[in-house]
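These notes are about the structure you will find just below.
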Amino acid sequence: MTSSSMAKTLVKTFLKAPHSLKTKIQAKQLHAQFLKTQPYSPSSTSILISIYANFNLLQHSLLLFNSLNSPPLLAWKSIIKCYSSSGLFANSLTCFVKMRSFGIHPDHSMFPFVIKACVFLKNLRLGESIHGCIIRLGLDFDLFTGNALLNMYAKFQSLQLKGGSKGFAFNVFDGMPKSDELCGRLTQERAKSVIGLDSVTKVLEMMPQRDVVSYNTVIAGNAQNGLYEEALRMVREMGSANMKPDSFTLSSVLPIFAEYVDVMKGKEIHGYAIRHLFDSDFYIGSSLIDMYANCARIEDSCRVFSLLPKRDDISWNSIIAACVQNGVFDEGLKLFRRMLTAKVKPRDVTFSSIMPACAYLTTLHLGKQLHGYIIRGGFDDNVFIASSLVDMYAKCGNIKAAGWIFDQMEHHDMVSWTAIIMGHALHGHGHDALSLFKHMEKDGVKPNYVSYIAVFTACSHAGLMDEAWRFFNGMSQNHGIKPGLEHYAAMADLLGRAGKLNEAYEFISRMHIAPTGSIWSTLLSACRVHKNLELGEKVAKEIFKVDPENVGAYVLMSNMYAASRRWKEAAKMRIFMKKKGIRKEPACSWIEVKNTVHTFISGDKSHPLYDRIFQALKDLLEQIEREGYIPDTNEDFHDVDEEQKKYLLFSHSERLALAFGILSTPAGTTIRITKNIRVCVDCHTAIKLISKVVQREIIVRDNSRFHHFKDGKCSCRDYW
DNA sequence: GTAGGGTTAG
């Protein structure tokens, strides 16, 4: 046997061996053998390049490739593939174009890589040119090439739907030598008829054969483009073509049932996955977590997560997002910590998922820690993260920081605008919020449903009635957004608080959607403030019609009866509540001191420092009484004597938290308190005066907004 | 050659 044929035999044996048996070292040994027998002939070098390319050894492949004067097809193919697998897609395409300029015809096995590169670089025109080239060469009947094309058009369709870029112009099709053997009028006509944005269907129709990958690709494409029914139809068609859905199919189908909030169908898929042993798959795992979370079945999400034999970063991100989106914030934070302990690196998605937990729980110290992590990780220019930071700082009471983050953002999208508008709205900066909204419109960013909630929140917290009417009447006209429950609620709230109770009643009665108990409740609390018991009773009836278990309504009615000294009716309401087993949520305030959250419940004496807190409150009371404070006992409605009422006011949770805050922080420190229900009028007056006597800024967040107390005044100007 | 996770409200 000649040395050259020996080398060829060696290569053949090598290539035929199962991949698991091949090692990089063996490849290098083969290279040495080759050098001895067949030094640097173009064909032997190409074989070596292809072996190195198989191991993804780009440097080795390149070194050999560059030694060739006119590389043959195999060499080009290997380099293009190697570039593509290394993620160097631009190089891969440049190489392809260069090869064409050498007059070399590509073969079918090279196109999947080249097409993938076009997808990655989001270059549709180049992709279409290459498709033209494929048709001219008559290679569009190749299954792998066809699948790659399907994927390309599907991806570009979703890119177009999301308004993505079309990439730079780069036209191989026009530049192709006209002497191509297969370049005839027929193929040119075909190219014209196939290439276009609706090409997924056309490519699919022309494919002489389809396999599971073809179906999966089209199903995924439809699912990602929101064509859910079409995707499901394809799954059925796949079944009739005797192809079984695999893990790829399932992970495209699960998000559809998540979107449909159809937990029964989702469970069916879960069952199928278990029967076919796909349930240990990463992809299926995170799709299942997400599907259950979307269907408000967070326990099932957690179960899927705990049963996963292996987890990657996306599994962690999925379960964290699932918890936070379902309001299980503590669990979300716990899992985030576990993720760090498990040495799984958090990514941009992790931060934008976890940040709302800090915003909701008002844990500013944690939010700041995460912000530090974000800056160190270089994630701070990510628009999702920046928006979540704006929101977190605003909700934690630091609207200035929220503004800085917002101003630093290079590009503002609708969500970031909405977050900053809502921030100002919650802090009672109504005019700032509205001018930001106008700025957003001027910037050409279209508001959505949520943006208008922010606008109305701004109007309602600042008492901007006329502006609110203008926006209410303009929202469907200017932006095609129909007012929903939240928008109606804000309008009803504004009318009610302005004392236009009957107008509010008419407004709610004429809503184009059925009013809920909570909308009527807005009016009921206005009735209480404006002491209109008669209308209150009428409104309460409406509430109990749609929501017989509405705790707030019972409490409000009982309080209203008490305020008019109709104790019997007040007691009746409370007895009714007891019978029905409805319990009023206890008032609760919390304050963060030295990274620890301290919780206070109204009247609770269990805090270890209670005696000192009580003494501090007594001292503060004396001081503010000197400033003219008179307890407003109207606010507390128990059927008890005046002295006791004074004591009950005294033990409101926000006052306990405040006294504790004053005791445990250095003079001059801003105090931030969060409360689960609204601050009462008496506490509001007291805290205003306390801010003056202790010379501190006090920020209280209740369940609907912020109050900034300073020098005896509040940012809400007593309108809240 | 094909698949999964994110920000604003509630």
Side-chain angles (χ1 to χ4, degrees), chain A residues 84 108-109 111-116 119 142-152 154-155 211-221 223-224 245-255 258 278 281-291 293 301 305 311-322 324-327 346-356 359-360 379 382-392 394-395 409 412-423 425-426 447-457 484-487 489-490 516 518:
Chain A
S84 198
H108 66 96
S109 66
F111 284 110
F113 301 106
V114 180
I115 295 164
K116 192 179 178 174
V119 174
D142 174 63
L143 181 61
F144 277 42
T145 306
N147 286 344
L149 283 169
L150 284 177
N151 181 47
M152 179 183 83
K155 288 277 155 59
D211 66 354
V212 180
V213 177
S214 328
Y215 276 101
N216 284 343
T217 307
V218 182
I219 290 165
Q224 284 156 7
D246 63 3
S247 65
F248 284 79
T249 328
L250 301 195
S251 58
S252 294
V253 170
L254 277 168
F278 295 140
D281 180 298
F282 286 159
Y283 287 81
I284 302 291
S286 42
S287 302
L288 281 170
I289 290 171
D290 192 52
M291 183 275 294
S301 299
F305 180 75
R311 299 163 185 148
D312 67 353
D313 55 340
I314 298 186
S315 330
W316 283 97
N317 291 338
S318 304
I319 190 66
I320 289 171
V324 175
Q325 285 161 2
N326 277 276
R347 299 236 303 236
D348 46 4
V349 181
T350 325
F351 292 108
S352 47
S353 305
I354 196 69
M355 199 57 76
Y360 186 88
F379 296 129
N382 177 302
V383 68
F384 286 80
I385 290 178
S387 303
S388 71
L389 278 170
V390 167
D391 180 59
M392 184 276 293
K395 296 238 174 83
M409 289 175 73
H412 295 127
D413 67 353
M414 184 263 295
V415 175
S416 50
W417 277 109
T418 305
I420 192 70
I421 293 169
M422 186 54 105
L426 292 176
N448 76 341
Y449 190 91
V450 186
S451 321
Y452 270 101
I453 296 178
V455 165
F456 289 117
T457 307
L485 280 176
E486 298 91 337
H487 310 117
T516 55
S518 75

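Chain letters run A, B, ... following the sequence lines, proteins first, then strands; residues in each count from 1.
Look at A:Asn151 and you'll find a side-chain N or O under 4.0 angstrom from OP1 or OP2 of B:dT2. Contact annotation: A:Gln224 side-chain N/O to B:dG4 OP1/OP2 distance is under 4.0 Å.
The stacking criteria are not both satisfied for A:Phe384 over the base of B:dT7, which would need a centre-to-centre distance under 5.5 angstrom and an angle between ring planes under 30 degrees.
Nearest to the side chain of A:Thr217, among B:dT8, B:dT2, B:dA9, sits B:dT2. Relative to the side chain of A:Val213, the nucleotides B:dT2, B:dG4, B:dT8 differ in distance, and B:dT2 lies closest. Listed nucleotides: B:dA9, B:dG6, B:dG4. Nearest to the side chain of A:Lys395: B:dA9. Residue A:Ile385 places its side chain closer to B:dG6 than to any other of B:dT2, B:dA9, B:dG6. For A:Asn382, taking side-chain heavy atoms from C-beta onward, the closest of the listed nucleotides B:dG6, B:dT2, B:dG4 is B:dG6. Among the nucleotides B:dT8, B:dA9, B:dT7, the one closest to any side-chain atom of A:Tyr449 is B:dA9. The nucleotide whose nearest atom lies closest to any side-chain atom of A:Asp413 is, among B:dT7, B:dT2, B:dG6, B:dT7. When distances run from any side-chain atom of A:Pro356 to the nucleotides B:dT7, B:dG4, B:dT2, the shortest one goes to B:dT7. In this structure, of B:dT8, B:dT7, B:dA3, it is B:dT8 that holds the atom nearest to the side chain of A:Val450. Checked against B:dA3, B:dT7, B:dG4, the side chain of A:Ser252 finds its nearest nucleotide in B:dA3.
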* Asked: Where do A:Ser315 and A:Asp312 land on the side chain to side chain donor-acceptor pair (under 3.5 Å) test, with the steps shown first?
  -> CA-CA 5 Å; A:Ser315 330; A:Asp312 67 353; 2.7 Å; yes
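When the side chain to side chain donor-acceptor pair (under 3.5 Å) test is applied to A:Thr457, no partner is found at least two apart in sequence or on another chain. The side chain to side chain contact (heavy atoms under 4.5 Å, CB included) test applied to A:Asp281 returns A:Ser247, A:Tyr283, A:Ile284, not counting sequence neighbours.
Judged by distance alone with a 3.5 Å cut-off, a donor-acceptor contact links the side chain of A:Ser286 to the base of B:dG4. Judged by distance alone with a 3.5 Å cut-off, no donor-acceptor contact links the side chain of A:Ser388 to the base of B:dT7. A donor and an acceptor atom never sit less than 3.5 Å apart when one is taken from the side chain of A:Asp281 and the other from the base of B:dG4. Contact annotation: side chain of A:Ser353 to base of B:dG6, donor-acceptor pair absent below 3.5 Å.
Taking atom CD1 of A:Ile320 as the reference point, atom P of B:dT7 lies 12 Å away to the nearest angstrom. A:Asp312 has its CG atom 8 Å from the C1' atom of B:dG4, to the nearest Å. To the nearest angstrom, P of B:dT7 lies 16 Å from OH of A:Tyr360. When rounded to the nearest whole Å, the span between CG of A:Leu389 and P of B:dG6 equals 18 Å.
Note that OG1 of A:Thr249 and OH of A:Tyr215 are 11.5 Å apart. Values are rounded to the nearest 0.5 Å.
A donor-acceptor pair under 3.5 Å links the side-chain atoms of A:Asn326 to the main chain of A:Ala293, judged by distance alone.
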